[in-house]
Every structure is written in C-alpha cells, then in structure tokens.
Amino acid sequence: MKPLHCRGLTLIELMMAIAIAAILLAVAAPSFQQALNGNRLGSAANELASAINLARAEAVRQNRRAVLCRSTDDSACDGTASRWPGWIVFVDADNDGVRDAGEPVIKSGRFSTDLVVTSSANIAGVNERISFRADGTARGADNVTLLTGMLAVCMTTSLPPQNVRDLSLAFGSRTAVRRRNGGGACGTPNDS
C-alpha cells in the first residue's frame with residue numbers, strides 16, 4: 001500500500017493568506033464606500049429629475065397643470081419648507097395646487113433617511129411645488145416669471161468629496177443634475 005499524501009495549508013500559510021486579505025480589504029473599503037454613496041446620490045437625483053420630466057410631460061399630454069411636490073405621506077402635498085422625505089406627481093385638474101380626491105397620484109417616491117433633499121428659496125416660495133402648465137413651463141410665485149430653482153440631494157459624508165447632487169430647474173422647464181462638493185455638509189441650495 002502506498003502512503004496517503006495529505007495536501008493542504010500549514011498554519012503559517014493560512015495566517016499569511018488572512019493577513020493579505022485583511023490588508024486588501026482595508027485598502028478597498030473606503031473606495032467601495034465612496035462608490036456606494038456616489039451611486040445612491042446619483043440614483044436619487046436622477047429619480048427626482050425623472051419625476052420632474054414626468055410632471056412636465058403629463059402637463060403637456062393632458063393639457064392641464066401637473067404638479068411635483070414635497071410629500072410626507074405619498075398622497076398629499078406638504079408645503080413646509082424643510083427636508084423632502086418624499087414627493088408625488090399628480091395632474092391638478094382644478095388648478096388649485098392641491099391634490100384633491102379626484103386627482104390620482106401618477107407617481108410617488110421616498111428618499112432614504114440618510115439622504116437630505118432640500119429646495120432653494122424660489123421653490124420654497126411656491127410652497128415646495130413645481131407646477132407645470134399645459135405649455136410645459138413652470139412659473140414662479142407671481143405666476144408670470146419662469147421658475148428657476150434648485151433641489152439638492154445630499155449626504156453628510158466626505159466619501160465621495162462631491163457629496164451633493166444639484167438638480168437645477170432653469171427657464172421654467174430645463175433640468176440638469178450637477179455634482180458639487182458640499183464639504184461633507186448639507187445646506188440650502190442657491191436658486192441658480
């Protein structure tokens with residue numbers, strides 16, 4: 001009979017493999033966290049931009065006012081000028097800026113609790129609502145001037161350094177998402 005040869009790792013080889021894996025994990029963890037946070041910020045900002053575009057498209061398609069607004073319960077607008085926990089889009093059939101019983105929610109969304117979403121003064125000035133008229137433009141508080149404003153999606157972290165995604169609304173309907181370094185903090189965005 002031939003003797004059996006056992007193949008495997010010695011204790012020293014196993015300890016070296018674990019040490020190398022720990023070093024690689026320590027180096028990769030911050031990069032992974034930065035990528036994860038960046039993807040969450042970008043995803044939330046893009047979802048909000050999509051909601052704005054949906055509201056504008058519904059206003060034109062249905063030839064009626066459509067509204068994107070801050071919501072705390074996924075069914076009604078909340079005009080409180082503070083952090084946005086969520087939002088809704090609805091067609092405002094009676095043009096009063098309030099979602100009534102006969103006006104169904106077209107789409108709604110919620111933000112993760114670690115994301116801070118705030119609006120600029122112009123959007124806060126119209127009760128945290130972006131209302132698109134049938135021609136596809138959003139107007140300011142005077143209902144004459146084209147609305148310009150900003151929604152900021154932020155995470156209080158320095159990973160990534162550009163911890164803010166500014167969603168700008170220009171000329172009453174054009175949207176763009178830009179990255180911004182907020183220094184690890186979240187504040188109220190400017191109107192432009």
Side-chain angles (χ1 to χ4, degrees), residues 40-155 164-178 180 182 186-192:
R40 291 176 66 209
L41 284 165
S43 176
N46 290 336
E47 184 180 9
L48 193 54
S50 175
I52 289 173
N53 291 330
L54 174 66
R56 182 177 56 237
E58 285 298 314
V60 172
R61 186 176 75 80
Q62 294 192 28
N63 199 26
R64 299 196 152 163
R65 185 177 303 254
V67 178
L68 168 94
C69 64
R70 176 187 185 277
S71 179
T72 56
D73 61 3
D74 296 333
S75 66
C77 292
D78 181 357
T80 308
S82 65
R83 180 177 173 176
W84 284 41
W87 51 267
I88 61 171
V89 173
F90 68 96
V91 174
D92 188 14
D94 57 3
N95 291 327
D96 65 353
V98 177
R99 184 182 163 265
D100 301 313
E103 299 168 340
V105 172
I106 296 171
K107 190 170 183 180
S108 66
R110 309 272 310 143
F111 296 109
S112 172
T113 56
D114 60 343
L115 293 176
V116 178
V117 181
T118 54
S119 63
S120 66
N122 284 351
I123 294 174
V126 288
N127 296 323
E128 302 292 334
R129 289 171 173 79
I130 301 173
S131 297
F132 290 98
R133 298 183 342 177
D135 63 0
T137 60
R139 301 291 172 157
D142 62 4
N143 207 19
V144 175
T145 310
L146 291 174
L147 180 64
T148 58
M150 187 112 39
L151 292 168
V153 178
C154 179
M155 188 179 277
V164 181
R165 300 297 183 268
D166 287 327
L167 177 70
S168 64
L169 180 69
F171 307 113
S173 64
R174 200 173 80 210
T175 60
V177 177
R178 292 182 296 234
R180 178 171 53 92
C186 299
T188 303
N190 297 324
D191 282 317
S192 57

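Side-chain atoms are counted along with the backbone in the values below, which use heavy atoms only and exclude waters and symmetry mates.
Using a distance-only test at 3.5 Å, with no hydrogens or angles considered, no donor-acceptor pair links the side chain of Glu58 to the main chain of Ala66. Without hydrogens or angle criteria, Asp92 side chain to Gly97 main chain gives a donor-acceptor distance under 3.5 Å. Not a single donor-acceptor pair under 3.5 Å links the side chain of Asn53 to the backbone N or O of Arg56. Put simply, the side chain of Asp191 gets close to the backbone of Asn122: a donor and an acceptor are under 3.5 Å apart. At distances below 3.5 Å, at least one donor-acceptor pair connects side-chain atoms of Asp78 with backbone N or O atoms of Thr80. Side-chain atoms of Ser112 do not come within 3.5 Å of backbone N or O of Leu115 as any donor-acceptor pair. Judged by distance alone, the side chain of Asn127 and the main-chain N or O of Arg129 form no donor-acceptor pair under 3.5 Å. Side-chain atoms of Asp142 come within 3.5 Å of backbone N or O of Thr145 as a donor-acceptor pair.
For the pair Phe111 and Leu48, the minimum side-chain heavy-atom distance is below 4.5 Å. By the 4.5 Å heavy-atom criterion applied to side chains, Phe90 and Cys69 are counted as neighbours. Taking 4.5 Å as the limit, some side-chain heavy atom of Thr137 sits within range of a side-chain heavy atom of Leu146. Residues Ile88 and Ser75 are not in side-chain contact: their nearest non-hydrogen atoms beyond the backbone lie 4.5 Å or more apart. No side-chain heavy atom of Trp87 sits less than 4.5 Å from a side-chain heavy atom of Val117.
Annotation: Arg83, atom CZ; neighbour count of heavy atoms from other residues, nucleotides and ligands within 6.0 Å is above 12. Crowding of Asn190 atom CG: a count of heavy atoms from other residues, nucleotides or ligands under 6.0 Å not exceeding 12.
Screening Leu41, Val116, Thr118, Asn46 for a side-chain contact (heavy atoms from CB on, under 4.5 Å) involving Val153 leaves a single residue, Leu41.
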Applying side-chain contact (heavy atoms from CB on, under 4.5 Å), run through Leu169 and Leu147 and close with a yes or a no.
CA-CA 7 Å; Leu169 180 69; Leu147 180 64; 3.7 Å; yes
